[in-house]
Amino acid sequence: APAKKTAPAKKTAPAKKTAPAKKTAPAKKTAPAKKAARVRKGSLPVRAGEDPWTKKEIAAVRAELLADLAELDQELADMASDLADLMSEVVDGAGDDQADAGTKTFEREHEMALAAGVRDVRAQVAHALLRLESGDYGICESCGEPIGKLRLQVFPRATLCLECKQRQERR
């Protein structure tokens, strides 16, 4: 008997190599949402455990800032007058010896440095007043948390909560 021809065995395609699993980027960490400060309408934010601001307390802070601003403006006017006197001495002091000229230069530079410091403090007070009017007063400019009622009553031009201020000073 003739041998049966069998169909040739079907060749199977080699198994497809699968591409290695794609690595996915790690999930991006998002900054924690800033907690909303506890604010009553017409009030300022307070920290947990603090009593809400009263209208009388807010008025006292505003009055203190306005008084500071007026005092600093007067101080700057006085300093400008003193500085003008010191500058005129430069012209009048022709023929002074070196020690006198050095003393006058030192006094003039010292007065300018003091005036710059007063201008900086004045800018801080003005900034605090603007924040008070805009509703941002009492909120830390760094972390967005309440600064704290007690801190603002002691230092009304504060813009950072105690934790952020300490962190800033350590740098």
Spell out, as yes or no, whether a donor-acceptor pair under 3.5 Å connects the side chain of [X] to the backbone of [Y].
X	Y	value
R47	P146	yes
E50	K149	yes
R131	D136	yes

**OP:** State which residues pass salt bridge (Lys or Arg N to Asp or Glu O under 4.0 Å) with R151; sequence neighbours excluded, sorted by chain then number.
**Re:** none
Donor-acceptor list for residues 74-81 side chains, cut-off 3.5 Å, not counting sequence neighbours:
unit_1: Q74; atom_1: NE2; unit_2: D78; atom_2: OD1; d: 2.9

**OP:** Look at the side-chain heavy atoms of Ile, Leu, Val, Met, Phe, Trp and Tyr, link any pair under 4.5 Å apart, and say whether L160 and V125 land in one connected group.
**Re:**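 The answer is no; the residues belong to distinct hydrophobic clusters.
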Sequence neighbours excluded, which residues qualify as side-chain contact (heavy atoms from CB on, under 4.5 Å) partners of [X]?
X	result
T103	E107
E169	K165
E109	T105, M112

**OP:** Report yes if the side chains of L44 and E57 come closer than 4.5 Å at any heavy-atom pair, otherwise no.
**Re:** no
Original post:
With sequence neighbours left out, which residue pairs that include part of residues 118-160 fulfil the ring pair (Phe, Tyr, Trp, His ring centres under 6.0 Å) condition?
Top reply: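 The answer is none; no pair qualifies.
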**OP:** Could you list the residues that satisfy ring-ring contact (aromatic ring centres under 6.0 Å, His included) with H110, not counting sequence neighbours?
**Re:**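 If we apply the ring-ring contact (aromatic ring centres under 6.0 Å, His included) test to H110, skipping adjacent residues, the hits are F106.
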Subject >> Non-neighbouring partners of D82 that pass side-chain hydrogen bond (donor to acceptor under 3.5 Å, both in side chains), sequence neighbours left out >> reply: none
Subject >> With E111 via side-chain hydrogen bond (donor to acceptor under 3.5 Å, both in side chains) - residues at least two apart >> reply: none
Name every donor-acceptor pair, under 3.5 Å, that has one atom in a side chain of residues 59-73 and the other anywhere in the protein, sequence neighbours excluded.
unit_1: R62; atom_1: NE; unit_2: E133; atom_2: OE2; d: 3.0
unit_1: R62; atom_1: NH2; unit_2: E133; atom_2: OE2; d: 3.2
unit_1: D73; atom_1: OD1; unit_2: R122; atom_2: NE; d: 2.4
unit_1: D73; atom_1: OD1; unit_2: R122; atom_2: NH2; d: 3.4

